[in-house]
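Treat the numbers as computed from the prediction; the structure is a model and nothing was measured.
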Amino acid sequence: MHERLNPRTDYEKKWQEDWDKTGVYHWQEVACGASFSIDTPPPTVSGSLHVGHVFSYTQTDILARYQRMCGKNVFYPMGYDDNGLPTERRVQQVFGITCNPTLPYDPHWTPKKNPPKGPLQEVSRRNFVEACLLLTQEDERAFEDTWQQLALSIDWRQTYSTINPHCTAMSQRSFLDMLHTGHVYQVEAPTMWDVDFKTAVAQAELEDRVMPGAYHHIRFELQDGGDLVIVTTRPELLPACIAVVAHPDDTRYTHLFGRYAISPIFGATIPIIASSHADPEKGSGILMVCTFGDQADVAWWKFSDLPAKQVLGLNGRFMPVVFGQDPFGSRDCARAQESYDMLVGLKVAAARTTMGTLLGEALIKPPEPIEHPVKFYEKGDSPIEFMTTRQWFVRLLDKKQALLNQGQLIQWHPDFMKSRYTNWVEGLNQDWCISRQRYFGIPFPLWYPLDGGGNPDYDHPIFATPDQLPLDPQSTAPVGFDESMRGKPNGFMGDPDVMDTWATSSLTPQLMSHWGQDKARHNQLFPMDIRPQSHEIIRTWAFYTIAKSWIHHKDIPWGHVLISGWVLDPDRKKMSKSKGNVVTPQALLDHYSADAIRYWAGRARLGVDTSYDESVFQIGKKLTTKLLNAAKFVKMQLENLSSVSLDTLPVHLEPMDALWIAQLQQVVELATKALDQFEYATALETIEKAFWTFCDHYLELIKGRAYQETGAKQRSALVSLEWSLGIFLRLFAPFLPYVTEEIWSWRWAPIHPSIHKAPWPIYPKDVAINASLWDAVLIILAEVRGAKTRAQKSMKHPVKALTITCPHAIAEGLRFLEDDLKRAGSIGSIGYTEIAHPAVTVEVILDD
RNA sequence: GGGCGGUUAGCUCAGUUGGUAGAGCACCUGCCUUACAAGCAGGUGGUCGUAGGUUCGAGCCCUGCACCGCCCACCA
């Protein structure tokens, strides 16, 4: 009997193409009136999208569609974050190339997939970037296909990738602007360093991992007799020990301050110094300071006059040093050198083992195994080390209060997520290191002059002029120089570093507003309205964006931050590619339809993690089918209605219709208010509930009148049906764009070609709602149906008599609704017992 | 160690300013009813993590605790 409707094959493709063709989602650059701009997260392009993307992007799209229907000029772009390490790794693998930034650009070279095995081919940075672009563009096309199918209402003309010339120029402009206003500086100092990627990293990219370690109790002899025992988890840094410190109030050690200890094996004379950062409760209360074991060592060293003893190389291996020379001075150079040479070339973990052996009796007891948190670069495999290198920093510590204030000016959804931001800013302890010793990224727009000996003069960099942007200093010469002077004495060299990927991502609002390029556009779009993102990057993306916006504009970047939850697998862990068996969005879209997937995303509230549960897709699919069937029924009835109208109600309505219409008007009000607060899930819940009430109760109440009656009674039913469907479709449109557009086209396309540009339904200021009467109707229906079910009779089984016990006012109302009630319940007669109590009870007597 | 969430039916989750515990899924029963059996009707099922407090009244407000998760922390 029933038609089979497969959402995807029947209409999804059709509407996707139609929207693309008609440009229904286009932003109007010259439009006046209210606008709504979205700082879309640019997904990392390295592999494929996962369900988490579908989840959060759909939530943003729901809000975009709502605002568009409210008449806003919606700016909804898409970006791709394609620079950074993940892409670098893939390009290396796919094309068999590696970057040598000192090589010149080769315009004739083209990347080839499936390279022969063997050593990686070295190419210039510009060639490397071209290879990265080639690869990421393929991925971006695949991303766009999925986004299109999911029906994200993006203006695809507003698309960017973070490595493209536009974003390169913008990032470099940002750098130069910060330079000229004194917000960036360069310094050679101990910096957090990843030894595998051989690059500096920033505080925001750190994570703690609990790792096994061991307390080593090491005895130091004192220069003038006696000894002391320090406890350390990093015995391998003993040759880099520069001091022994204890708390000034620690009476166990106060007599030692000002005296000297002799380091075991290396025989160095080590000052014993009072320092309040030593905690008497920890270890033996006295500890060694090494260059550099941790951040505390760095901080302490900076305030001391002691020289650094650098033993770890940039590759994380012990590098050769010569004892007997300052600062490695030793009483027994030969023994020190002999022992140290056993460490040279080793990584930290191996050196720790070797040192354990070397220490021998200086270890007063076997190492005591512990587990402790260790800092890692979030993408790295080895613990962070502190290396003295030259890096560029953005000043943040001097702006903490201002940035806290900016965070207060932004509305966070949910509000408690603001505390994540506040906590992070309060805990900031370093400026932002933005230079990375990598290749695929935005180069710094600067060069260093070379002296007569060919050595760079780092203190007098040559900066690019604004008209040179975008540029790669490895391929472009500074003003006043010629390419032939590159690398030559008295010539120049380009800065070999690239910027932290967040240095670009933190400019997404400006990238889209064309800051510094198009004043009118910038003023129209900046600050933006909403920034959707997930909570784990509040400390990076949100924070850096707020910081840059403050630095460049003394303004907030957007009015609202919307924090999406995570999709959790049934073990309550975040779903991720690395965990395997992840369902691809494409498979889900094909199996359940885009509308069903969107329904799942729309049910989840902002900031709340959601379990991955496919039964919810099933519910979404059921809802779209129900919509189609209900609409099909309404359409059939409306063949008796000559003219098409939207939102027009006649003066005369049958009482049942007026009663229902007021109910639905209230739903419009609730849904609208929820969506204005970005509470799309609340709106969906309200709309959905009303829709099932419409189908199960209202339709059943009036269907008989619609096809049995004629004249005014029928017409009232038909108009109410048309009006209700017009409302429901638009309420659902942000959530279920395909099925609503399909049904819309059956009737209203001549008035508004696309539902997605149709006006959002309005509601009267004071809805004349009679909730208690409507509730009474529902109670009567339920009682009649319940009686039939309990008697195991069909729903059309006749009711001989119905007695309703209710207050006078309700009875008065019900008398006007009797015709519809009788027809819907096959009820013979209805009697009333009026009472003072507000409760409504019903007695049902069935026919035999 | 600090901060922020969460704990409600077997599962996934709602629960507006305190006023008699809700939905969907699952399960059970019945019903072919002129949109829909991919449907409809009805039903079983919860001392709302825990111990106190405030209140006439607490899932909701206050305090302590437990467990789960996230974020952060100079981690000797």
Side-chain angles (χ1 to χ4, degrees), chain A residues 1-5 206-211 213 215-216 218 230-234 245 277-279 281-290 293-300 370-375 383 414 416-424 426-427 429 535-536 538-539 565-566 568 570 572-574 600 603-605 607-616 618-619 621-637 670 674 681-682 685 688-689 692 695-696 699-700 703-704 707-708 781-782 784-797 824 826:
Chain A
M1 270 302 273
H2 60 280
E3 286 175 54
R4 278 182 164 270
L5 286 161
L206 298 183
E207 66 181 28
D208 284 356
R209 297 181 200 164
V210 175
M211 302 293 288
Y215 287 142
H216 292 68
I218 303 175
I230 62 101
V231 180
T232 182
T233 54
R234 301 208 59 180
V245 301
H277 93 277
D279 182 350
E281 302 292 318
K282 285 187 182 168
S284 56
I286 188 162
L287 67 148
M288 67 174 183
V289 175
C290 304
D294 59 23
Q295 201 171 334
D297 287 348
V298 175
W300 190 88
I370 56 158
E371 295 225 308
H372 63 156
V374 179
K375 283 202 186 308
F416 67 78
M417 286 294 179
K418 181 163 64 184
S419 62
R420 300 278 187 102
Y421 173 83
T422 306
N423 285 353
W424 174 254
E426 285 170 345
N429 57 29
H535 49 76
E536 81 275 17
I538 288 175
R539 68 172 179 172
W566 279 348
L568 305 177
R572 309 296 299 176
K573 299 288 180 196
K574 187 188 179 188
W600 164 70
R603 287 224 319 189
R605 289 165 157 70
V608 177
D609 296 342
T610 293
S611 286
Y612 180 78
D613 179 0
E614 296 206 4
S615 69
V616 180
Q618 208 64 258
I619 301 167
K621 200 170 181 180
K622 205 173 103 173
L623 175 61
T624 60
T625 304
K626 190 75 172 177
L627 253 173
L628 279 168
N629 282 322
K632 209 171 64 184
F633 171 76
V634 173
K635 185 184 172 216
M636 275 165 51
Q637 306 308 319
L670 292 172
T682 303
E685 194 180 17
E688 189 185 4
K689 185 163 183 272
W692 286 96
C695 292
D696 296 341
L699 276 186
E700 294 299 327
K703 67 202 296 185
Y707 51 61
Q708 285 170 7
L781 275 183
V784 169
R785 289 163 168 175
K788 292 177 183 179
T789 298
R790 279 188 294 278
Q792 304 199 352
K793 300 290 188 188
S794 146
M795 283 301 127
K796 62 182 182 184
H797 188 87
S826 310

With rounding to whole Å, what would you report as the distance between [N] and [M] at their [atom1] atoms?
N	M	atom1	answer
G57(B)	C67(B)	C1'	30 Å
U12(B)	G52(B)	C1'	32 Å
U8(B)	G59(B)	P	15 Å
C4(B)	G10(B)	P	32 Å
U55(B)	C74(B)	P	45 Å
A23(B)	G42(B)	P	11 Å
G15(B)	U29(B)	P	34 Å
G18(B)	G53(B)	C1'	15 Å

Let's see if you can work this out: which of [options] has an atom nearest to the side-chain heavy atoms of [X]?
X	options	result
R539(A)	C25(B), U12(B), C71(B)	C71(B)
F416(A)	C74(B), C4(B), A41(B)	C4(B)
W566(A)	U34(B), C71(B), C31(B)	C71(B)
T789(A)	G5(B), U33(B), A41(B)	A41(B)
R605(A)	G15(B), C71(B), A35(B)	G15(B)
E685(A)	A14(B), C4(B), A35(B)	A14(B)
Y707(A)	A35(B), C71(B), C40(B)	A35(B)
N423(A)	A35(B), C74(B), G3(B)	G3(B)
S611(A)	U29(B), U12(B), G39(B)	U12(B)
D294(A)	C25(B), C36(B), C74(B)	C74(B)

If I take atom [atom1] in residue [X] and atom [atom2] in nucleotide [N], what distance separates them, rounded to the nearest angstrom?
X	N	atom1	atom2	result
F633(A)	G39(B)	CZ	P	18 Å
M636(A)	U34(B)	CE	P	11 Å
K793(A)	C32(B)	NZ	P	10 Å
K796(A)	C32(B)	NZ	P	8 Å
K788(A)	G42(B)	NZ	C1'	14 Å
L699(A)	C40(B)	CG	C1'	13 Å
R785(A)	U33(B)	CZ	C1'	10 Å
L670(A)	A14(B)	CG	C1'	15 Å

Do [X] and [Y] touch side chain to side chain, with heavy atoms closer than 4.5 Å?
X	Y	result
K626(A)	C695(A)	yes
K375(A)	D208(A)	yes
W424(A)	I538(A)	no

(request) Establish, with yes or no, whether the OP1 or OP2 oxygen of C71(B) is under 4.0 angstrom from a side-chain nitrogen or oxygen of K418(A). (result) no

(request) For C74(B), take OP1 and OP2 only and decide whether either is under 4.0 Å from a side-chain N or O of N429(A). (result) yes

(request) Tell me, yes or no, whether the heavy-atom count around E371(A) atom CD, taken from other residues, nucleotides or ligands under 6.0 Å, exceeds 12. (result) yes

Could you identify the nucleotide paired to [N], looking across every strand shown and requiring Watson-Crick or G-U wobble geometry with both distances under 3.5 Å?
N	result
C70(B)	G3(B)
G57(B)	none
G64(B)	U50(B)
C27(B)	G43(B)
U34(B)	none
G22(B)	C13(B)

Assign [X] to base, sugar-phosphate, or nothing according to its heavy-atom contacts below 4.0 angstrom with the strands shown.
X	result
H535(A)	sugar-phosphate
K689(A)	nothing
R420(A)	base
A278(A)	base
K622(A)	sugar-phosphate
K635(A)	nothing
K626(A)	base
W692(A)	sugar-phosphate
E700(A)	base
W424(A)	sugar-phosphate

(request) May I ask you to decide if the ring planes of H535(A) and W566(A) are parallel, tilted or perpendicular, using 30° and 60° as cut-offs? (result) tilted

(message) Classify the ring geometry of H277(A) against W300(A): parallel below 30°, tilted from 30° to 60°, perpendicular beyond 60°.
(response) tilted

(message) For V374(A) and A791(A), find the nucleotide of RNA chain B closest to each by heavy atoms; which residue's nucleotide sits nearer the 5' end?
(response) A791(A)

(request) Find which nucleotide of RNA chain B each of G607(A) and D696(A) is nearest to by heavy atoms, and output the residue with the more 5' nucleotide. (result) G607(A)

(request) Looking only at non-hydrogen atoms, find the nearest pair between R603(A) and A681(A) and report the distance. (result) O-CB, 3.5 Å

(message) Tell me the closest heavy-atom pair linking A278(A) and G285(A), and the distance in Å.
(response) CB-O, 4.2 Å

(request) For D613(A) and S615(A), test the side chains for any donor-to-acceptor distance below 3.5 angstrom and give the result as yes or no. (result) yes

